[in-house]
Number of protein chains: 2
Amino acid sequence: MPGPISDERNRLDREALLDAAERLFYERGVQAVGMDELRTASGLPLKRIYRFFPTKEALVVAMLRRRDQRWRKALADHVEQVPDPRDRVLAIFDWLAAWFAEPGFRGCAWINVFGELGSSSDAVLAEVRSHKQAFHDQIATWVHATGLPLAEPVRLLAEGAIVTAGISGDPAPANHARKAAASLLKHPDHQPKSTCAHPKSAIDSSLAET
Amino acid sequence: MPGPISDERNRLDREALLDAAERLFYERGVQAVGMDELRTASGLPLKRIYRFFPTKEALVVAMLRRRDQRWRKALADHVEQVPDPRDRVLAIFDWLAAWFAEPGFRGCAWINVFGELGSSSDAVLAEVRSHKQAFHDQIATWVHATGLPLAEPVRLLAEGAIVTAGISGDPAPANHARKAAASLLKHPDHQPKSTCAHPKSAIDSSLAET
DNA sequence: TAAGATAGAGAACGATCGTTCTCGACGTCA
DNA sequence: TGACGTCGAGAACGATCGTTCTCTATCTTA
């Protein structure tokens, strides 16, 4: 059935290619998966793969960008259905706990690809930084709604939990991070009204960020 | 000057090889550095390299193991000269800040190598897990000296700071993590004697670990 | 001094990589 | 109907990888 390929089929095939790339690259690493294996997994001829993406590097960047959109949307959908601002921040760690427990979980795709290509591909490095910045901004938005200057601690606890769970294969860091975040959110220095007066009851400026 | 090579020279050459491997692998990644480049950098013939280590994988593992010893000793030397238990925990983050500011800093060597080889080399994966476990145990020892159940939060803040500083290239996460750790250590729930009585002044068991 | 062993330098090997090219098959349109 | 264009399948290409082998030169030892 030669002849021009419809836009609709191009769209579907491109998605299927990105699906295969995302799965294989995450499971085994970028450099461990060759273009031939990607051809087999996607069912697309090499010629069409190279029409979609001129190089493997471009395919990696596109895969990361699409995963970023899906990943952060799934996180936001879970977190933003929680009404209370402080519980909303804690919901980040509930979502992480569910992610860590998924079969095949192998840590953060962006951290992993940074280890592989961060020093040899500027385009991949930029995509990793872009994702981490967007993740940070998302967290900062939710944390600022609590009125507490805890965006950086929450971000670092989340990153630490992701990397530790990924390497150890144990989802427990999500709960540890959640409890630490809860403790920070309940810190009396951050409570609007304390049941008794402390010598320094004002907002502790030692936690101010930037 | 053929003839048998002295044990002393074998020792020195082996160290020089590991030096070159550690530097190149950290700078550019394991898979991006070939054995030929290692030969050039170390000045050793390929034959002797393969006498020291039968495969590249064995060389990577040996490099990681030696780096683990050096890295954790440098951390311990800095931290354990601080007498006060709480300040000692905070000194972890001071050491991290100095590390992040070093020229050529590119994140955690073990996290990076996990992204590259974690799914394809069991030996490397075991070495990465061993290092992370040892790092955790070291932190737990120092934190337990404070009497506070904060080993997991401190570990996650440290890991989060390392990975965030590595990707962003900005050493600031060390200070953010330090302030968060200081806040947890000063949490009134953890103070032996408070200046006033809280409804729940007992040690907050919600922070208990494991 | 002659024989044997081991060193170093680098060529060679087989495999695999990302990428491009060949080629027969089948649509579209004058 | 016949020339043209685009398709899929996979061979081919040049580079590079980890690893092994060849060959010569020098040391040690009887």
Side-chain angles (χ1 to χ4, degrees), chain A residues 1-14 16-18 20-22 24-25 27-64 113 115-117 119-124, chain B residues 1-14 16-18 20-22 24-25 27-64 113 115-117 119-124:
Chain A
M1 18 216 59
I5 296 177
S6 72
D7 288 356
E8 174 67 5
R9 193 181 142 200
N10 264 327
R11 210 182 50 79
L12 290 175
D13 286 346
R14 195 187 133 107
L17 171 59
L18 288 172
E22 185 173 345
L24 290 173
F25 288 157
E27 279 178 10
R28 315 221 307 273
V30 171
Q31 316 206 60
V33 176
M35 295 301 282
D36 247 44
E37 190 165 0
L38 231 43
R39 178 183 69 88
T40 303
S42 68
L44 263 41
L46 236 29
K47 196 189 282 187
R48 287 194 66 206
I49 294 179
Y50 278 93
R51 289 242 287 158
F52 285 134
F53 306 102
T55 63
K56 189 185 188 183
E57 184 185 43
L59 171 59
V60 172
V61 169
M63 177 275 283
L64 290 176
V113 93
E116 247 187 309
L117 305 171
S119 58
S120 60
S121 165
D122 290 338
V124 169
Chain B
M1 11 210 70
I5 296 177
S6 72
D7 288 356
E8 174 66 4
R9 194 180 142 202
N10 264 329
R11 212 183 48 79
L12 291 175
D13 286 347
R14 195 187 132 105
L17 171 58
L18 288 172
E22 185 172 345
L24 290 173
F25 288 158
E27 280 177 9
R28 314 221 308 272
V30 172
Q31 318 207 59
V33 176
M35 296 300 283
D36 247 44
E37 190 165 1
L38 231 43
R39 179 183 67 87
T40 303
S42 68
L44 263 41
L46 237 28
K47 196 188 281 186
R48 288 194 68 207
I49 293 179
Y50 277 93
R51 289 242 285 159
F52 286 133
F53 307 102
T55 62
K56 188 185 187 182
E57 184 184 43
L59 172 57
V60 172
V61 169
M63 177 274 285
L64 289 177
V113 93
E116 249 189 306
L117 305 171
S119 59
S120 59
S121 166
D122 289 339
V124 169

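Hydrogens, waters and symmetry mates play no part in the numbers below; they use all other heavy atoms, side chains included. Below, read A as the first sequence line, B as the second, and so on, with proteins coming before strands; counting in each chain starts at 1.
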Value in whole Å for how far the [atom2] atom of [N] lies from [atom1] of [X]:
| X | N | atom1 | atom2 | answer |
| --- | --- | --- | --- | --- |
| A:Leu117 | C:dG18 | CG | C1' | 14 Å |
| B:Tyr50 | D:dC17 | OH | C1' | 9 Å |
| A:Asp13 | D:dG8 | CG | P | 8 Å |
| A:Lys47 | D:dA12 | NZ | C1' | 14 Å |
| A:Arg39 | D:dA9 | CZ | C1' | 7 Å |
| A:Gln31 | C:dT16 | CD | C1' | 13 Å |
| B:Leu59 | D:dG18 | CG | P | 10 Å |
| A:Leu24 | C:dG18 | CG | P | 12 Å |

For the student: nearest non-hydrogen atoms of [X] and [Y], plus distance:
| X | Y | result |
| --- | --- | --- |
| B:Ala21 | B:Leu38 | CA-CD1, 3.8 Å |
| B:Leu44 | B:Arg39 | O-CG, 2.9 Å |
| B:Tyr50 | B:Thr55 | CE2-CA, 4.3 Å |

What nucleotide among [options] has an atom nearest to a side-chain atom of [X]?
| X | options | result |
| --- | --- | --- |
| B:Met35 | C:dT19, D:dT19, D:dA9 | D:dT19 |
| B:Leu46 | D:dG8, C:dT19, D:dT20 | D:dT20 |
| A:Ile5 | C:dG8, C:dG10, D:dC7 | D:dC7 |
| A:Arg51 | D:dC7, C:dT19, D:dG10 | D:dC7 |

message = Please confirm whether the shortest side-chain N or O distance from B:Arg48 to OP1 or OP2 of C:dG8 is below 4.0 Å.
response = yes
key: B:Glu116 side chain to B:Gln31 backbone, donor-acceptor under 3.5 Å   = yes
query = Okay, side chain of B:Ser119, backbone of A:Arg28: is any donor-acceptor separation there less than 3.5 Å?
reply = yes
ask   = Quick one: on DNA chain D, does A:Gly43 or A:Asp36 contact a more 5' nucleotide (nearest heavy atom)?
value = A:Gly43
request  = Would you kindly compare B:Glu57 and A:Leu44 by the position of their nearest DNA chain D nucleotide and give the one closer to the 5′ end?
outcome  = A:Leu44
ask   = Is a donor-acceptor pair below 3.5 Å formed from side chain B:Lys56 to base D:dG18, judging by atom type as modelled?
value = no
